[in-house]
Amino acid sequence: MFSIKSKNVPCCDGLTRRDLLTIGGLGTAGLLLPDLLRAQEQSGTQKPIGAAKRCIFLFMTGGPPQMDTFDLKPDAPVEYRGEFKPIKTNVPGIEISEQFPMLAKLADKYAILRSVTHDSNIHTVGAHAMLTGNAYPKAANGEISASPTDFPHYGAVFSKLRPAKANVPTFVALPQKNTNTDGTVWPGQGGGFLGAQYDPLYVTADYVKHQSNPKAYENCEFHTPALTLPPGVSAERLKSRHALLEAFERQVRQAEQSGNEGLMDKYREKAFNLLSSSETLKAFQLDSEPNSVKERYGRHLFGQSCLLARRLITAGVPLVTVFWHPDGTTAAPSWDTHENNYYHLKTHLMSPCDRGFSALLEDLEQRGMLKDTLIVWMGEFGRTPQVNRAGGRDHWGACQSIVMAGAGIKGGQVYGKSDKIGMYPAESPVSPGDVGATIYSLMGVSPSAEIVDQTGRPHPLVRGDVIRGIL
């Protein structure tokens, strides 16, 4: 992992936000790795589709409520249907929340899956399932932390099977990583049993309150991390004499040590390769974007993170995960709305999401990139259909809505159906494994490939089937 000025996202368990400046943090995994993956595409029963060249995950940390976003239930009893009303989209017969007016105009670009289901109501367990396509391998009664036995994130698998060209990272995560209250990292975000070599490049950033309106979230400005060369050192000079390694040396000594110098050397090399790439350096220069583009994405961290994700994939990065980052000005830090659900959704969750997500879809289409870029919008689970006494909705893994768009996905459709109150799938249930099989296949990896952990034990890449109905 290569981190630059991190702030951690809080959730309902009161997760802390701490400033970090590290290179390292390699954990206990990743020692002396042999060939870890055996992609058995020839013998696999599911041949990859390969329509996508790149992928962007938009992960709504905390769990968005399906019945307030993409699966409203206007005919349900009042304690279930909530305050929001459905509005028509540009596709006849498809309706979504009135809080998503921009996305409603682009429904022909995406597919809504309303019957995604798994069996956990725990944030970290659900996140592992949704970010890897696999159930957590152990029983869990409470929040868990990342371990060397976790399944790897999709991006970690691509880092091994489909690495990007030289000097461009394969897998980037921004603008923060998710941690538990004690600071331990959520599972499913990194290399898992492949090892820390395949963790993403973590790029994190702060929000800044607008001087003229300190309480306004829409006026926050995104500050790109200090990803720059030492003064007076050009990329060409850096390549010729590895000056960056000297600049990083002090930070490396202060960083968390894994006890394996060979692995640390790989992270030094990763830092060097990143900053010696003119393509990647240019991608981080958001100031080069016209103000009109930055306004279209939204002057908040989610919007500007979506813009940065677009710039990164344009520079050649195959997979970027954008985690929802709290604005820091409200009582609800994420989509984990146990209290005052509608206030938080209306004031600082759904509007930025609507603007950033819709801008990304439009931008990619205008650039001719949507046809070969896969976009996946999801959380770790849904929310309970019944509104609780605090005016909120609680954790609910049994049913959630996710959205998929771009390469290979047929837009303008709804797949699956939940019951009349949005509690359980009523038609065409979709597992995280099915979602994973679809992602892998679209990205050119056989879902029936076999993946091998560091002990030599083989695992199916995912246990699921490609969702043919959305292709």
Looking at Lys53, I want to see if its NZ is surrounded by more than 12 non-hydrogen atoms of other residues, nucleotides or ligands under 6.0 Å.
no
If I compare all heavy atoms of Met443 with all of Pro318, which pair ends up nearest, and what's the gap?
CE-O, 4.1 Å
Just say parallel, tilted or perpendicular for the rings of Tyr343 and His348, cut-offs at 30° and 60°.
perpendicular
side-chain hydrogen bond (donor to acceptor under 3.5 Å, both in side chains) for Ser305 and His325? Distances and angles first, verdict last.
CA-CA 9 Å; Ser305 293; His325 192 290; over 6 Å; no
Let me confirm one number: the OG-CZ distance from Ser448 to Arg463, rounded to the nearest 0.5 Å.
13.0 Å
Could you list the donor-acceptor pairs under 3.5 angstrom formed by side chains in residues 75-88, with sequence neighbours left out?
| unit_1 | atom_1 | unit_2 | atom_2 | d |
| --- | --- | --- | --- | --- |
| Arg81 | NH1 | Ala76 | O | 2.8 |

Given side chains that start at C-beta, do those of Asp150 and Tyr136 come closer than 4.5 Å, heavy atoms only?
yes
Tyr198 ring centre to Lys160 NZ or CZ under 6.0 Å, with the angle to the axis within 45°?
no
Are Leu307 and Glu289 close enough that some pair of their side-chain heavy atoms sits under 4.5 Å apart?
yes
Would you say the side chain of Thr170 lies within less than 4.5 Å of the side chain of Val317, judging by non-hydrogen atoms?
no
Are Met350 and Trp335 close enough, and set up right, to give a side chain to side chain contact (heavy atoms under 4.5 Å, CB included), and what steps lead you there?
CA-CA 9 Å; Met350 293 184 70; Trp335 292 80; 3.9 Å; yes
Could you give the side-chain donor-acceptor pairs of residues 187-195 under 3.5 Å, partners two or more places apart or in another chain?
| unit_1 | atom_1 | unit_2 | atom_2 | d |
| --- | --- | --- | --- | --- |
| Gln189 | OE1 | Asn178 | N | 3.1 |
| Gln189 | NE2 | Asn178 | O | 2.9 |
| Gln189 | NE2 | Trp186 | O | 3.1 |

Give the C-alpha distance, both sets of side-chain angles, the deciding distance and a yes or no for ring-ring contact (aromatic ring centres under 6.0 Å, His included) between Trp324 and Phe59.
CA-CA 6 Å; Trp324 181 268; Phe59 193 82; over 10 Å; no
Side-chain donor-acceptor pair present, Arg393, Thr384, cut-off under 3.5 Å
no
Provide the full list of side-chain hydrogen bond (donor to acceptor under 3.5 Å, both in side chains) pairs with a residue in residues 111-121, sequence neighbours left out, each pair given once.
none
Listing request: all salt bridge (charged side-chain N to carboxylate O under 4.0 Å, His left out) pairs with a residue in residues 431-442, at least two apart in sequence or in separate chains.
none
Passing option when Phe171 is tested against Val157, Leu201, Val320, Thr321 for side-chain contact (heavy atoms from CB on, under 4.5 Å)
Thr321
If you measure from NZ on Lys282 to OG1 on Thr314, what distance do you get to the nearest 0.5 Å?
13.0 Å
What I'd like to find out is whether the side chain of Ile122 reaches to under 4.5 Å of the side chain of Ile144, using heavy atoms alone.
no
Would you say the side chain of Lys109 lies within less than 4.5 Å of the side chain of Leu370, judging by non-hydrogen atoms?
yes
Calculate, to the nearest 0.5 Å, the distance between atoms CD1 and OH belonging to Ile467 and Tyr415 respectively.
6.5 Å
Any donor-acceptor pair under 3.5 Å from Asp419 side chain to Gly422 backbone:
yes
Check the pair Tyr440, Phe158 against ring-ring contact (aromatic ring centres under 6.0 Å, His included), reporting the backbone distance first and the verdict last.
CA-CA 9 Å; Tyr440 278 125; Phe158 297 142; 5.6 Å; yes
After noting the C-alpha distance and the side-chain angles of Asp354 and Ser351, does the key distance pass the side-chain hydrogen bond (donor to acceptor under 3.5 Å, both in side chains) rule?
CA-CA 5 Å; Asp354 184 44; Ser351 178; over 6 Å; no
Scan for side-chain hydrogen bond (donor to acceptor under 3.5 Å, both in side chains) pairs involving residues 396-407, sequence neighbours excluded, and state none if there are none.
none
Quick one: pull up CZ in Arg457 and NE2 in His459 and give me the separation to the nearest 0.5 Å.
5.0 Å
Check: Trp377 ring centre within less than 6.0 Å of Tyr110 ring centre
no
Please assess Ile402 against Phe70 for the test side chain to side chain contact (heavy atoms under 4.5 Å, CB included), listing each intermediate value before the final yes or no.
CA-CA 8 Å; Ile402 74 170; Phe70 289 102; over 6 Å; no
Pair Leu106, Glu362 - check side chain to side chain contact (heavy atoms under 4.5 Å, CB included), show working.
CA-CA 8 Å; Leu106 300 172; Glu362 285 186 331; 3.7 Å; yes
Would you give the length of the straight line joining atom CG of Leu361 to atom CD1 of Ile56, rounded to the nearest 0.5 angstrom?
9.5 Å
Using side-chain heavy atoms (C-beta onward) and a distance below 4.5 Å, is Leu345 in contact with Thr69?
no
For the pair Arg383 and His338, evaluate side chain to side chain contact (heavy atoms under 4.5 Å, CB included) and give the outcome as yes or no after the intermediate values.
CA-CA 9 Å; Arg383 313 298 296 185; His338 291 282; 3.7 Å; yes
Interatomic distance, Asp68 atom CG to Leu72 atom CG [nearest 0.5 angstrom]:
6.5 Å
What I'd like to find out is whether the side chain of Pro385 reaches to under 4.5 Å of the side chain of Met67, using heavy atoms alone.
yes
Salt-bridge present (Glu365, Lys371; N to O < 4.0 Å):
no
So does Gly412 get a backbone contact from the side chain of Asp108, meaning a donor-acceptor N/O pair under 3.5 Å?
no
With a 4.5 Å heavy-atom cut-off, do Leu113 and Val116 have their side chains touching?
yes
So that I can tick it off, tell me whether Asp71 and Lys417 are bridged by a salt bridge, with the cut-off set at under 4.0 angstrom between side-chain N and carboxylate O.
no
Please lay out, stage by stage, how Ser334 and Asp336 fare under the test side-chain hydrogen bond (donor to acceptor under 3.5 Å, both in side chains).
CA-CA 5 Å; Ser334 68; Asp336 198 31; 5.2 Å; no
With a cut-off of 3.5 Å and sequence neighbours excluded, list every side-chain donor-acceptor pair involving residues 125-135.
| unit_1 | atom_1 | unit_2 | atom_2 | d |
| --- | --- | --- | --- | --- |
| His128 | ND1 | Asn134 | O | 3.0 |
| His128 | NE2 | Phe151 | N | 3.1 |
| Thr132 | OG1 | His128 | O | 2.6 |
| Thr132 | OG1 | Asn134 | N | 3.1 |
| Thr132 | OG1 | Asn134 | O | 3.3 |
| Asn134 | ND2 | Thr132 | O | 3.1 |
| Asn134 | ND2 | Leu461 | O | 3.1 |

In terms of ring plane angle, is the pair His395 and His123 parallel, tilted or perpendicular, where the classes change at 30° and 60°?
perpendicular
I'd like to know whether Ser418 forms a side-chain hydrogen bond (donor to acceptor under 3.5 Å, both in side chains) with Lys73, so could you lay out the CA-CA distance, the side-chain angles of the two residues, the decisive distance to 0.1 Å, and finally the verdict.
CA-CA 10 Å; Ser418 64; Lys73 302 293 181 181; 2.8 Å; yes
Consider salt bridge (Lys or Arg N to Asp or Glu O under 4.0 Å). Of Arg311, Arg310, Arg355, which one does Asp363 pass it with?
Arg310
Verify whether the ring centers belonging to Phe302 and Phe357 lie closer than 6.0 Å.
no
Please confirm whether the backbone N or O of Gly392 pairs with a side-chain atom of Asn340, one donor and one acceptor, at under 3.5 Å?
no
